[in-house]
Amino acid sequence: MKSMVCERPFEFKMIESEKPVPNSGEALIRVRRIGICGTDIHAYGGNQPFFSYPRILGHELSGYIESIPENESGLNVGDQVSIIPYMECGKCLACRSGKTNCCTDMKVLGVHAEGGMSEWMTVPYNHLVRTEGLTLDQSAMIEPLSIGAHAVRRAAIHKGEFALVIGAGPIGLGVMAFAKEQGAKVIAMDVNDERLAFAGKWANVDYTLNVLENPMEKLAQLTNGDMPSVVFDATGNAKSMMDSFKYPAHGGRLVYVGLVKADISFNDPEFHSKELTLMGSRNATRDDFNYVVNTLKNDKLDMGQYITHRTHLDELINQFEGWLTPEAKVIKAIVEI
């Protein structure tokens, strides 16, 4: 079979290998769609934390079950599925508490273990989600959308509160959409006016702000001087993440959805005086995946607009670097097999 390997930073290579044979408890998946996300871009650029080379990338995945043992989930050969790519240990305190998304020995496909940028892959069948009624494109997008859904669930949004989402990339857009779904008044903030316009249209946000245009003053105006009670930073940018401490209201919450390979510092007196709650949000759970599946089945998100670029696996090497330029205006790119 064909697989695309990131050999080292800035180098992809197509390889041929044997079709994998499932171990006990595993299904064989014919991969059909692979979403490209920030993790893949950071790995390609050599600045992804917890990463080693060479690695087959790809963790936003959909395809069909080609073989599977008898199972309690009722999954069958031929089922269309999305893959939960977070391989937890099942034994640590986080796992025993139901927080498998932040397992102490987490292995994420495409990051710590080989991913799905291959014609076939084997996956524990308890990490499959049936996606009957959705398209292959939609099924591959469940994982990135689940990241946003999980962050919103972490924040425990109250109906009518102001939620600021910093970063109008694919993850931030998901946060916006699900915060809006939970009843928040959503403010989108970014440095790119085109992305902000897209957020207004796609995620139906209430307000948009350019971070370069007096955001503190404008946030105060929008919130009647209170400031947002919950702030999500989905940029993966160290400066943005440090600046984000300025924006929450006193008694508010700050949720880091993005990840950066850097130290983060903040002014402790300001943090203390506001009695802020700082939260990290990592990966997602099966509950988040199921929530996103139901949202997509109810036609609440237009994935045709969200997916802006696509190519075939054979053409990825020729296309990938072009997607990294601002001029490409990529929201979400997807690879077909």
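The side chain to side chain contact (heavy atoms under 4.5 Å, CB included) test with Pro228 singles out one residue from Val186, Leu219, Leu254, Val165, and that residue is Leu219.
We find the CG-CZ distance between Asn318 and Phe12 to be 12.0 Å, quoted to the nearest 0.5 Å. Interatomic distance, Leu324 CG to Gln319 CD, rounded to the nearest 0.5 Å: 11.5 Å. Rounding to the nearest 0.5 Å places NZ of Lys180 at 5.0 Å from CG of Asn204. Here the CZ atom belonging to Phe51 is positioned 5.0 Å from the CG atom belonging to Leu57, to the nearest 0.5 angstrom. Between atom CG of residue Leu75 and atom CD1 of residue Ile65 there is a gap of 4.5 Å, rounded to the nearest 0.5 Å. Atom CE of residue Met106 and atom CG of residue Asn101 lie 6.5 Å apart, to the nearest 0.5 angstrom.
Around NE2 of His312, the count of heavy atoms belonging to other residues, nucleotides or ligands within 6.0 Å exceeds 12. More than 12 heavy-atom neighbours from other residues, nucleotides or ligands sit within 6.0 angstrom of NZ on Lys19. Within a 6.0 Å radius of CG in Asp263, no more than 12 heavy atoms belonging to other residues, nucleotides or ligands are found.
Inter-residue side-chain proximity for Phe271 and Leu278 is flagged as met; some heavy-atom pair is nearer than 4.5 Å. Between Glu143 and Leu61 the shortest side-chain heavy-atom distance does not fall below 4.5 Å. The side-chain heavy atoms of Lys99 and Arg282, taken from C-beta on, include no pair separated by under 4.5 Å. Counting heavy atoms from C-beta on, the side chains of Leu109 and Met121 come closer than 4.5 Å. Between Leu301 and Met141 there is no side-chain heavy-atom pair separated by less than 4.5 Å. For the pair Arg130/Leu128, no side-chain contact is recorded, criterion being any heavy-atom separation below 4.5 Å from C-beta on. Using a 4.5 Å heavy-atom threshold, the side chains of Pro144 and Pro170 count as separate. Taking 4.5 Å as the limit, every side-chain heavy atom of His150 sits out of range of all side-chain heavy atoms of Phe289.
The closest donor-acceptor contact from the side chain of Arg253 to the backbone of Ala155 lies under 3.5 Å. A donor-acceptor distance shorter than 3.5 angstrom exists from the side chain of Gln80 to the backbone of Thr131, with no hydrogens or angles considered. Looking only at distances, a side-chain donor or acceptor of Asp288 sits under 3.5 Å from a matching main-chain atom of Thr285. With hydrogens and angles disregarded, no donor-acceptor distance shorter than 3.5 Å links the side chain of Tyr125 to the backbone of Pro69. Panel note: side chain Asp40, backbone Cys37; a donor-acceptor pair is recorded below 3.5 Å. Using a distance-only test at 3.5 Å, with no hydrogens or angles considered, a donor-acceptor pair links the side chain of Asn237 to the main chain of Ser240. Under the 3.5 Å distance criterion, the side-chain polar atoms of Arg8 are left unmatched by any main-chain donor or acceptor of Tyr53. In terms of modelled atom types and a separation under 3.5 Å, the side chain of Glu213 and the main chain of Asn210 share no donor-acceptor contact. Panel note: side chain Lys246, backbone Met216; no donor-acceptor pair is recorded below 3.5 Å. Checked by atom type and distance alone, the side chain of His42 pairs as donor or acceptor with a backbone atom of Gly38 at under 3.5 Å.
Nearest heavy-atom pair across Gly174 and Trp202 is N-CZ3, 4.4 Å. Scanning both residues, Ile157 and Ala179, for their nearest heavy atoms gives CD1-CB, 3.6 Å. Of all heavy-atom pairs between Cys103 and Cys89, the closest is SG-N, 3.2 Å. The shortest heavy-atom contact between Ala203 and Leu173 is CB-O, 4.1 Å. Ile36 and Phe320 get closest at one heavy-atom pair: CG2-CE1, 3.7 Å. When all heavy atoms of Leu209 and Pro215 are compared, the pair lying nearest together is CD1-O, 4.3 Å.
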Let's go through Val230 and Glu161 carefully: what are the C-alpha distance in whole Å and the side-chain angles of both, what is the deciding distance for side-chain contact (heavy atoms from CB on, under 4.5 Å) to 0.1 Å, and is it a yes or a no? CA-CA 8 Å; Val230 58; Glu161 72 175 322; 4.1 Å; yes
Carefully, step by step, assess Met227 and Lys274 under the rule side-chain contact (heavy atoms from CB on, under 4.5 Å). CA-CA 12 Å; Met227 301 300 283; Lys274 287 186 174 183; over 6 Å; no
Given Leu276 and Phe245, is the side-chain contact (heavy atoms from CB on, under 4.5 Å) satisfied, shown in steps? CA-CA 9 Å; Leu276 289 182; Phe245 281 86; 4.1 Å; yes
Evaluate side-chain contact (heavy atoms from CB on, under 4.5 Å) for Ile34 paired with Met4, printing each intermediate quantity in order. CA-CA 11 Å; Ile34 308 129; Met4 187 69 73; over 6 Å; no
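Linking Ile, Leu, Val, Met, Phe, Trp and Tyr residues whenever their side-chain heavy atoms come within less than 4.5 Å places Ile15 and Val335 in a single cluster. Leu196 and Leu164 sit in two unconnected hydrophobic clusters of ILVMFWY residues. Membership requires side-chain heavy atoms under 4.5 Å apart, directly or through other members. At a threshold of 4.5 Å between side-chain heavy atoms, the hydrophobic network of Ile, Leu, Val, Met, Phe, Trp and Tyr places Val152 and Ile187 in two separate groups. Tracing side-chain contacts under 4.5 Å through hydrophobic residues (I, L, V, M, F, W, Y), one reaches Val292 starting from Val175; they form part of the same cluster. Cluster annotation: Ile41 and Leu313 are assigned to the same hydrophobic cluster (Ile/Leu/Val/Met/Phe/Trp/Tyr, side-chain heavy-atom contacts under 4.5 Å, transitive).
Under the 4.0 Å criterion applied to side-chain N and carboxylate O atoms, Glu114 and Arg55 are assigned as salt-bridge partners. Of the charged side-chain nitrogens involved, none lies within less than 4.0 Å of a carboxylate oxygen, so that Asp105 and Lys91 do not count as a salt-bridged pair. In this structure, Arg310 pairs ionically with Asp137, as a charged nitrogen and a carboxylate oxygen lie closer than 4.0 Å.
Relative ring orientation between Phe178 and Tyr291 is described as tilted, the plane-to-plane angle lying within the 30° to 60° band.
No donor-acceptor contact under 3.5 angstrom links the side chains of His127 and Glu26, judged on distance only. Side-chain atoms of Ser3 and Ser118 form a donor-acceptor pair, as typed in the model, at a separation below 3.5 Å.
Arg195 is linked by a side chain to side chain donor-acceptor pair (under 3.5 Å) to nothing, counting only residues two or more places apart in sequence or in another chain.
Members clustered with Trp120: Met1, Leu28, by chain and number, using a 4.5 Å side-chain heavy-atom cutoff among hydrophobic residues.
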